[in-house]
Amino acid sequence: MALTTQEIAQNYSAAGDSVTVINELVALSARDADQVDTVRRNVEHLQLMVAKTYWTTEDLAPFNTAITAGNAVLPTEES
């Protein structure tokens with residue numbers, strides 16, 4: 001089932017909210033564990049949203065920029 005223009009706009013807006021959250025937390029000089037988890041969740045949300053195939057003329061550059069910035073402050077996984 002295809003999404004309506006309104007549903008796509010709502011999804012874009014929600015993804016934009018994730019961009020805002022990431023940018024605000026990345027701007028902090030330090031983040032606590034909850035804030036790091038919030039960055040991780042929002043980065044994951046944006047990665048899912050960027051992969052959607054229903055985008056038309058929406059600018060996804062801010063999403064990709066926020067993903068990069070968010071990943072830069074996340075601790076790397078030690079194996």
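With sequence neighbours left out, Thr5 forms a side chain to side chain donor-acceptor pair (under 3.5 Å) with no residue at all. Listed by chain and residue number, Phe63, Asn64, Ile67 satisfy the side-chain contact (heavy atoms from CB on, under 4.5 Å) test with Val50 (two or more places apart in sequence, or in another chain). Qualifying side-chain contact (heavy atoms from CB on, under 4.5 Å) partners for Thr4, counting only residues two or more places apart in sequence or in other chains: Gln6, Glu7. Evaluation of the side-chain contact (heavy atoms from CB on, under 4.5 Å) rule for Val26 yields Ile22, Ala69, Val73 as partners, not counting sequence neighbours.
Under a 3.5 Å cut-off, the side chain of Thr38 and the backbone N or O of Asp34 do form a donor-acceptor pair.
Every pair passing salt bridge (Lys or Arg N to Asp or Glu O under 4.0 Å) that includes a residue from residues 41-55 is listed here, sequence neighbours excluded: Asp37-Arg41. Residues in residues 17-55 take part in these ring-ring contact (aromatic ring centres under 6.0 Å, His included) pairs, two or more places apart or across chains: Tyr12-Trp55.
The minimum heavy-atom distance linking Leu46 with Ala66 is given by the pair CD1-CB, 3.8 Å. Nearest heavy-atom pair across Glu58 and Thr56 is OE1-N, 2.6 Å. The two residues Ser18 and Asn42 make their nearest non-hydrogen contact at OG-OD1, 2.8 Å.
Here the straight-line distance linking atom CE of Met49 with atom CG of Leu60 works out to 9.0 Å at 0.5 Å rounding.
By the 4.5 Å heavy-atom criterion applied to side chains, Val36 and Arg40 are counted as neighbours.
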